[in-house]
Amino acid sequence: MMTWDDRMIKKEFRKALFPIMFSVLGGTINTLIDSAMVSQSEGPDALAAVTLCMPIYLVQCVIGVLFASGASIIAVNQIGKNRTHEARKVYFSALTWYVICGVIMTVGGAFLAGPLSQFIAQGTDLTGYVYDYGVVMILGTFPTILVYVPIYFLQIEGKPRSISRLIIIMLITDVVFDYVLLFPCHMGILGAAIATVISTAIACVYGFASLQRGHLFRFSIKDMKLYMSRKIIRFGSPSALGNLVDAIKMVILNGIILYNLGASGTAVWAVLNCLSEISMTVTSGVPQTAAPMIGVYYPSRENSAIRTLMKKQFIWGMNLLLVFGALLVIGNQVVQSIFAVKEDMLIPLLCLCLFMLFDIVSGMWVRYLNTIGRIALSNVINIMRKMGFPVILTHIHIFRGENLWLFLPASGLLTVLLTFILIWITSKREEKKGRKLSRLLLLDDELEKTKRVLDFSIPTKSDEVCDAAERISEFCELHGMKPKVLMRLSLSIEEMLMVLIEKIPSASSVDLRAFVTDDETGIQIRYVGEFYNPFEDEEKGENEDMMGVVMMEKLATMTDHYYALGINTIHLFFAKE
C-alpha cells in the first residue's frame, strides 16, 4: 500500500544542514583569525582594541539579521501559500531597508566616529587604535549587513552549497588580505579592518551573483520598494533580539564573574564563551536549516513533514553536541593547555556540555515558534534563555556559595521547562477559542482527523504511476468530484507523472497530496531536482507526451508551480461544482 515517506525531506535537510552550520561557524572563525593575526602583528593593545570594537560589529549584526531573517520567514510562508510574487516583494523590501539603514549607519557613524572611539576606549591610550579599526568597520557597514541576505535566501533558492562557498571565500580572502596588509604593507590595525571589510564585500558579491542565477530572487532596481515592513521587523525580531540580548548579557555576566571570581575566573569564562560560540554552529545552525522548510510546509498544514523536521533537528542536534561535549570533557586538560588557563576546567566544561544539550531543545522551539508566527512566545523564551535565567541564577549561586558554573545547566533546564509550560498554556487558550491544536507543536490536525487529506509517496517508476493516479481519483470521487471529470483527471495525472519521471531523472520519489476544502479540491505534487515547470515546457504544444499536462491545465481552475529549497512544487485546484 502506498504511504507517505519522509525520504525527500530527510535528503533536503541533510543537504542543507552542514552548509548552514558552516555559515554560522564562519563568523566565529573570522573573528578568531583576525584576533590572532592582529595580536601577532601589533601586540596586545591592538588586540584589546579589536575586542573593544565588537559592539560596533554586534549592532551591524542585529540589523543584518533583523531584515534577512524576518524577510526569509515571510518569503517561505508566502511560497507555501503559492504566492511567489509576494515572496519577491518581501525580498526587495528587505533590500530597500538595507539601503536605508546602510546610509544612516555609515554617514551617522562616520560623523560620530571620534566621540564613539573616546567612549569605547574610555579615554585611554587605546583610543587611536579603536578609532582606526572602528571607522573602517563603520564605513564598511553595507557589505557587513548585506551579506546576511544571500546567507538566508540562497537556502530558499535551493543552493546550500553556494552558502558554503560564500563562507569559504570570505575566510580565505580575509586571511590573505590580513597577512598582506598587516605584514608586508605594515598598515597595522587599520589594515586588519580593511581586510575584514574587503573579504566581506567579495563574499557579498559572490552571494548576490549566485542569487541572480536562481529563479526566485533575481535583482531588479524597479522592484526596490518598501512592503510588509512591520511584518518583516516583527518576524525578524527574535533573531535580532537574541543577538542584542546576548550582548547585554555578556556585559552583565562579565562584571559579575570578574567581581566574584577575579581574573582567573574571568579567564575560565572566556574559554567557556569561546566554546559556546562554536557550539552555536549546532544550537543555531540546526534550527536555522529546518526553519525555511517548516515555513513552506506550515501554511498548507503538512503536519507530518513538520514533525519529521522537528525529529531530525533533535536527533542531529543531540548527536552532534554529544560528540562535541564528549571531546571537551575527555580532553579537558588539552583545552586548559590551549587557552593557558591555570584553573581546572573539568567542572566548567561539564556544566557547559549539559547546558548545550538543553539549549538545542529551547533553540529549536524558539526558531519554530518564530517561523509559525508565534512571535511574542518566541521572544519571551529567547529573552529568558539568553539573559533572564543566566543573570538570575548567577546571583542565586553566588548568594548560596555554590559552584558558579552550575548556572549554565540550570538556566538551560529552566528555559526548556518554561518553553513547554508556555506552549501548554497557549494550546489551552486556543482550545477555549474552539481551535484544538497539538500540545507540543501547536499544529492543526483537523484535515487528517476528518480524512480530508491524502498524503503518499511513490518511487519514480512507471508501474507505480497508474496506481497513484487511481488512488487520487478515488479520493476525489469520495469527496464529491463529478464522475465525468474523474476519468479525465485520472488520465491527466498519470500522463503528467510520467512526464515528470522522464524530465527529472534525479528524483528518486514523488510526494503527492490531495486535499479538500469547503470550496475546492486541490492536488499537490512535489519532486526534488533541477528547476522544471511542465506548464512552461517549450515542447508542450508539439509533443504528444505532454497532452496530459495540457489537459490538466484545462481541467483545473488554477495551476501553479514554484521552485524553492531545491524542491519543485505543483499545485492544481479544481472547483467542487
Side-chain angles (χ1 to χ4, degrees), residues 3-25 73 76 155 158 160-161 163-164 275-298 302-330 350 352-372 374 378 381-382 385 408-409 412-413 415-420 423 438-443 445 448 455 457 508-509 511 526 528 565-567:
T3 57
W4 181 82
D5 64 53
D6 52 13
R7 282 181 295 173
M8 183 184 297
I9 292 173
K10 287 179 178 178
K11 180 181 178 181
E12 292 309 300
F13 179 81
R14 285 195 302 268
K15 190 168 86 172
L17 178 60
F18 289 100
I20 299 300
M21 287 173 57
F22 187 47
S23 74
V24 175
L25 181 63
I73 290 171
V76 292
Q155 185 184 359
R161 290 179 182 174
I163 300 173
S164 296
L275 296 174
S276 180
E277 285 289 317
I278 296 172
S279 76
M280 284 179 63
T281 304
V282 179
T283 56
S284 294
V286 172
Q288 191 172 314
T289 303
M293 301 177 76
I294 291 172
V296 169
Y297 290 127
Y298 183 75
E302 295 178 66
N303 297 343
S304 296
I306 292 172
R307 289 187 170 101
T308 295
L309 284 167
M310 294 301 286
K311 288 176 185 176
K312 295 304 292 181
Q313 287 183 76
F314 183 80
I315 292 168
W316 275 98
M318 281 294 178
N319 286 337
L320 289 169
L321 288 173
L322 283 170
V323 171
F324 180 57
L327 290 173
L328 291 180
V329 172
I330 293 170
L350 278 170
L352 176 65
C353 293
L354 288 173
F355 164 75
M356 291 187 302
L357 295 178
F358 290 125
D359 196 49
I360 183 63
V361 177
S362 54
M364 282 168 51
W365 257 265
V366 164
R367 177 70 70 163
Y368 172 74
L369 292 168
N370 186 17
T371 303
I372 67 171
R374 302 277 179 175
S378 179
I381 296 168
N382 215 18
R385 170 196 177 204
L408 285 166
L413 175 60
T415 305
V416 171
L417 293 175
L418 175 68
T419 299
F420 293 122
I423 287 174
S438 61
R439 292 292 167 85
L440 207 55
L441 296 176
L442 302 177
L443 294 173
D445 292 316
E448 287 84 357
D455 284 305
S457 306
S508 59
S509 66
D511 285 356
R526 291 195 198 274
V528 173
L565 304 168
I567 300 173

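Using a cut-off of 4.0 Å between Lys/Arg side-chain N and Asp/Glu carboxylate O, R526 and E12 are scored as not salt-bridged. A salt bridge between R307 and D445 is present, with a side-chain N of the basic residue lying under 4.0 Å from a carboxylate O of the acidic one.
Using a 4.5 Å cut-off on side-chain heavy atoms (C-beta onward), I294 and M310 make contact. Under the 4.5 Å side-chain criterion, counting only non-hydrogen atoms from C-beta, I163 is not in contact with F22. Proximity of L357 to L322: side-chain heavy atoms (C-beta onward) are separated by under 4.5 Å at one or more points. Looking at heavy atoms from C-beta onward, S457 lies out of side-chain contact with M8 at the 4.5 angstrom threshold.
Taking every heavy atom of both residues into account, P19 and A16 meet most closely at CD-O, 3.3 Å. The minimum heavy-atom distance between V329 and C353, with the atom names listed, is CG2-SG, 3.8 Å. Taking all atoms of both residues into account, the shortest heavy-atom contact from Q288 to S23 is NE2-OG, 4.4 Å. Contact between F324 and S279 at its shortest, heavy atoms only, is CE2-CB, 4.0 Å. For L442 against I423, the heavy-atom pair with the smallest separation is CD2-O, 3.8 Å. R385 and T415 get closest at one heavy-atom pair: CB-CG2, 3.4 Å.
Going from atom CD1 of I306 over to atom OH of Y297 covers 9.5 Å, rounded to the nearest 0.5 Å. How far CH2 of W316 is from CE of M21: 8.5 Å, rounded to the nearest 0.5 Å. Here the CG atom belonging to D6 is positioned 9.0 Å from the CG atom belonging to L309, to the nearest 0.5 angstrom. To the nearest 0.5 Å, atom NZ of residue K311 and atom CD1 of residue I9 are 11.0 Å apart. Residue F358 holds its CZ atom at 12.0 Å from OG1 of T419, rounded to the nearest 0.5 Å. Between K11 atom NZ and I567 atom CD1 the span is 10.0 Å, to the nearest 0.5 Å.
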Quiz item: Going through the distances and angles, do T289 and F13 end up as a side-chain contact (heavy atoms from CB on, under 4.5 Å)?
Solution: CA-CA 7 Å; T289 303; F13 179 81; 4.0 Å; yes

Exercise. Verify side-chain contact (heavy atoms from CB on, under 4.5 Å) between V286 and L17, making sure each step is shown before the conclusion.
Key: CA-CA 6 Å; V286 172; L17 178 60; 3.8 Å; yes

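Counted within 6.0 Å of CZ on R439, heavy atoms from surrounding residues, nucleotides or ligands total more than 12; the atom is thus considered enclosed. Residue F420 places its CZ atom among more than 12 non-hydrogen atoms of other residues, nucleotides or ligands, all under 6.0 Å distant.
Using a distance-only test at 3.5 Å, with no hydrogens or angles considered, no donor-acceptor pair links the side chain of Q155 to the main chain of I20.
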Under 3.5 Å, side-chain donor or acceptor atoms of residues 360-370 against the rest of the protein: list the pairs with distances, not counting sequence neighbours.
residue: S362; atom: OG; partner: D359; partner atom: O; Å: 3.2
residue: W365; atom: NE1; partner: L440; partner atom: O; Å: 3.2
residue: Y368; atom: OH; partner: L441; partner atom: O; Å: 2.6
residue: N370; atom: ND2; partner: F235; partner atom: O; Å: 3.2

